[in-house]
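Below is one structure; the comments refer to it alone.
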Amino acid sequence: MEARFIISAAKPVQFPDAADGKTLPEVAFLGRSNVGKSSLLNALVGREGLAFISARPGCTQLINFYQVGGDFFFADLPGYGYAKVPERIRREWKELVESYLTGRGQMRLGVMLLDSRRGWMDKDLELKEWLEFHGRPFIVVATKVDKLSKSQERNALQAIRKEGGIEPLPFSAVTGRGVREIWQAISRIKTAQ
Ligand code: GDP
């Protein structure tokens, strides 16, 4: 899968409108810092794609936009929930992410990442409520399942399902598990247009 970096946007005027004259349906990736978002993006795009790099928590909040496979835009939203982040950066995050989620017309799907060992944390639940309030469709991905035994995994997925009312997709960047299912969910937004 070919991926092309478009821009790192610090404010809405920098959000890209179109690539090669086309507005493409967009998938937004959301999750706490260190949840495994860059690893998931790399696993989705594969070796021929770009190297997605995790943002350093505490730095200027940016949304990185990519064109993927000629069919989609991917928006890599800044991670949240890192304890040592100064208040100014937290505010920046909120402003940027809120303006994205309220204003981004071409966003068709959110991919919310949860660490399978931790499940829903307060910030994740807040963001989920936001997505629901604004009528944004999203899927939930439980990351790093390779770190769990079979029974731990069953319990973790059950807890996520129970608390969030959503069926999580188990994922591991180490084994590649879940890549196909996530691509299936992404592909559906194209046929749904
Ligand atoms: P980001 O901050 O959300 O972009 O997270 P990264 O993708 O940089 O991953 C954070 C850390 O978790 C890194 O040390 C990764 O190697 C590790 N990691 C990410 N995904 C997985 C996974 O599926 N399995 C395991 N075992 N480790 C992972």
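Each residue takes its place number in the sequence, starting with 1. Every number for a ligand or one of its atoms is a count from 1 in the order of the listing. Since this is a predicted model, take the numbers as computed values, not measurements.
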Original post:
Among protein heavy atoms, which sits nearest to atom 27 (N) of ligand 1, and what does the distance come to when rounded to 0.1 Å?
Top reply: Lys147 CE, 3.8 Å

**OP:** Kindly work out whether a path of hydrophobic side-chain contacts (I/L/V/M/F/W/Y, heavy atoms less than 4.5 Å apart) joins Val145 to Leu169.
**Re:** no

Subject >> Shortest protein heavy-atom distance from atom 1 (P) of ligand 1, along with the residue and atom involved >> reply: Lys37 N, 3.5 Å

Subject >> Flag: protein heavy atom within less than 4.0 Å of atom 16 (O) of ligand 1 >> reply: no

Original post:
Would you call Lys37 and Asp76 a salt bridge, using N to O less than 4.0 angstrom?
Top reply: yes

Original post:
Would one find an N or O of Ser33, backbone or side chain, under 3.5 Å from an N or O of ligand 1?
Top reply: no

Original post:
Can you tell me which residue and heavy atom of the protein come closest to atom 26 (N) of ligand 1, and the distance to 0.1 Å?
Top reply: Asp146 OD2, 2.8 Å

Original post:
Tell me: protein heavy atom nearest atom 4 (O) of ligand 1, and distance?
Top reply: Ser38 OG, 2.6 Å

Original post:
Does Ser172 reach ligand 1, in the sense of a heavy atom lying below 4.0 Å from it?
Top reply: yes

Original post:
Side chains of Leu44 and Met1: does their closest heavy-atom pair fall under 4.5 Å?
Top reply: no

**OP:** Carefully, step by step, assess Leu41 and Val45 under the rule side chain to side chain contact (heavy atoms under 4.5 Å, CB included).
**Re:** CA-CA 6 Å; Leu41 285 163; Val45 169; 5.7 Å; no

**OP:** Kindly say whether the aromatic ring centers of Phe74 and Phe65 come within a distance under 6.0 Å.
**Re:** no

**OP:** On the 0 to 90° scale, with breaks at 30° and 60°, tag the Tyr100-Phe15 ring pair as parallel, tilted or perpendicular.
**Re:** perpendicular

Subject >> Min N/O separation Lys144 to ligand 1 under 3.5 Å >> reply: yes

Subject >> Heavy-atom nearest neighbour in the protein, as seen from atom 8 (O) of ligand 1, with distance rounded to 0.1 Å >> reply: Ser54 OG, 2.9 Å

Subject >> Proximity of Tyr66 and Phe5 rings by center, below 6.0 Å >> reply: yes

**OP:** Say whether Val35, considering both its backbone and side-chain N or O atoms, lies within less than 3.5 Å of an N or O atom on ligand 1.
**Re:** yes

**OP:** Measure the distance from atom 11 (C) of ligand 1 to every protein heavy atom, then report the residue, atom name and distance (to 0.1 Å) of the closest one.
**Re:** Asn34 OD1, 3.6 Å

**OP:** Please indicate, with yes or no, if any protein heavy atom is found under 4.0 Å from atom 13 (C) of ligand 1?
**Re:** no

Subject >> Arg88/Glu92 salt bridge by N-O under 4.0 Å criterion >> reply: yes

Subject >> Of Val111, Ile139, Ile182, the residue whose pairing with Val27 passes side-chain contact (heavy atoms from CB on, under 4.5 Å) >> reply: Val111

Original post:
How far is atom 19 (C) of ligand 1 from its nearest protein heavy atom, and which residue and atom name does that atom have?
Top reply: Ser39 OG, 3.2 Å

**OP:** Among all protein heavy atoms, pick the one closest to atom 23 (O) of ligand 1 and tell me residue, atom and distance.
**Re:** Ala173 N, 2.7 Å

